[in-house]
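Worksheet: one structure, shown below.
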Amino acid sequence: MTTRVIIVDDQAMVRAGFAALLAAQSDIDVVGEAPDGAQGVELGRRTRPDVVLMDVRMPEMDGLEAARRLLAPPPGVTHRPRVLMLTTFDVDDYVYEALRAGASGFLLKDAPPADLIAAVRVVASGDALLAPSVTRRLIADFARQRPARGKPTLRLKALTERETEVLTLVARGRSNTEIAQTLVLAEQTVKTHVSRVLTKLDLRDRAQAVVFAYESGLVAPGE
């Protein structure tokens with residue numbers, strides 16, 4: 001199955017480089033490029049890609065607002081792509097807000113080519129790009145700056161004790177394999193628990209689950 005990708009970045013050289021790299025993969029098809037968020041949203045509506053590579057800082061409309069519009073479309077628009085934010089360390093706050101909006105993760109612009117290709121495949125498969133420890137630090141740092149809101153805590157009551165344990169470990173950046181080892185469960189069982197957690201809490205993927213866990217107070221930064 002081919003993954004359809006669009007690239008939204010205000011730097012033509014970046015778009016060209018990413019497009020050439022991804023188009024060379026037999027399972028990835030680059031179906032369009034856009035130089036700003038507004039055109040990126042329009043392109044996304046028209047081409048219906050599986051994954052959007054979205055720069056954070058752009059003219060006209062930044063990547064955060066564009067991600068919000070793609071992930072929370074107006075009535076009548078049913079397509080919601082996966083959004084992978086492209087960033088540098090100096091705009092982490094934007095990335096955090098993008099994760100809250102439903103983006104599936106982020107990738108540093110200077111990441112090795114193999115990481116970009118792998119990231120597109122990971123996000124396209126429905127998972128979140130949360131493996132790098134820097135991502136966990138980013139979320140913890142901004143969760144520390146934002147006190148728990150209270151309301152999401154009530155939603156935690158919908159989870160069983162085991163599901164709460166699984167969510168806690170997901171929030172700490174553990175993979176399914178690591179969670180299975182910690183809780184002495186089969187990996188498939190962990191996948192089932194993660195799926196139930198996402199369904200019960202009305203979350204899209206692991207990225208939103210991590211943000212929810214910190215903001216609800218289930219996990220405290222630094223634990």
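Every heavy atom of this structure was used, including side-chain atoms; hydrogens, water molecules and symmetry mates were not. We number each residue from 1, following the sequence as shown.
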Distance-minimising heavy-atom pair for [X] and [Y]:
{"X": "Ala171", "Y": "Val219", "answer": "CB-CG2, 3.7 Å"}
{"X": "Leu203", "Y": "Phe212", "answer": "CD1-CB, 4.1 Å"}
{"X": "Ala103", "Y": "Leu71", "answer": "N-CD1, 3.4 Å"}
{"X": "Glu178", "Y": "Ser175", "answer": "OE1-N, 2.9 Å"}
{"X": "Lys191", "Y": "Asn176", "answer": "CG-ND2, 3.4 Å"}
{"X": "Val120", "Y": "Val51", "answer": "O-CG2, 4.0 Å"}

Inset, instruction - Kindly indicate, with the supporting measurements, whether the criterion side-chain contact (heavy atoms from CB on, under 4.5 Å) is fulfilled by His193 and Leu185. - result: CA-CA 11 Å; His193 283 311; Leu185 298 172; 4.2 Å; yes
Backbone N/O of [Y] and side chain of [X]: donor-acceptor pair under 3.5 Å:
{"X": "Arg82", "Y": "Ala124", "value": "no"}
{"X": "Thr199", "Y": "Ser195", "value": "yes"}
{"X": "Arg155", "Y": "Leu201", "value": "yes"}

Side-chain heavy atoms of [X] within contact of [Y], under 4.5 Å:
{"X": "Leu183", "Y": "Leu169", "answer": "yes"}
{"X": "Leu53", "Y": "Asp9", "answer": "no"}
{"X": "Val8", "Y": "Met61", "answer": "no"}
{"X": "Val210", "Y": "Val170", "answer": "yes"}
{"X": "Leu156", "Y": "Thr164", "answer": "no"}
{"X": "Asp55", "Y": "Arg15", "answer": "no"}

Hey, what do you get for [atom1] ([X]) to [atom2] ([Y]), rounding to the nearest 0.5 Å?
{"X": "Glu163", "Y": "Thr192", "atom1": "CD", "atom2": "OG1", "result": "10.5 Å"}
{"X": "Arg172", "Y": "Tyr214", "atom1": "CZ", "atom2": "OH", "result": "8.0 Å"}
{"X": "Leu70", "Y": "Arg68", "atom1": "CG", "atom2": "CZ", "result": "12.5 Å"}
{"X": "Thr168", "Y": "Leu159", "atom1": "OG1", "atom2": "CG", "result": "9.0 Å"}
{"X": "Leu107", "Y": "Met85", "atom1": "CG", "atom2": "CE", "result": "11.5 Å"}
{"X": "Glu65", "Y": "Met58", "atom1": "CD", "atom2": "CE", "result": "11.0 Å"}

If you look only at distance, which donor and acceptor atoms sit under 3.5 Å apart when one is on a side chain in residues 34-50 and the other is two or more places apart or in another chain?
from, atom 1, to, atom 2, distance (Å)
Asp36, OD1, Ala38, N, 3.0
Asp36, OD1, Gln39, N, 2.8
Asp36, OD2, Gln39, NE2, 3.0
Glu42, OE1, Arg46, NH2, 3.2
Glu42, OE2, Arg46, NE, 3.1
Arg45, NH2, Arg69, O, 3.2
Thr47, OG1, Leu43, O, 2.8
Asp50, OD2, Arg4, N, 2.7

Inset, instruction - Could you pull out all residues at least two apart from Arg162 that satisfy side chain to side chain donor-acceptor pair (under 3.5 Å)? - result: Glu165
Inset, instruction - Report the C-alpha separation of Val56 and Leu86 in whole Å, then their side-chain angles, then the decisive distance to 0.1 Å, and conclude whether the side-chain contact (heavy atoms from CB on, under 4.5 Å) test is met. - result: CA-CA 6 Å; Val56 172; Leu86 300 170; over 6 Å; no
Can you give the donor-acceptor pairs under 3.5 Å from side chains of residues 23-32 to other protein atoms, not counting sequence neighbours?
from, atom 1, to, atom 2, distance (Å)
Gln25, NE2, Leu21, O, 3.1
Asp27, OD1, Arg121, NH2, 3.0
Asp27, OD2, Arg121, NE, 2.9

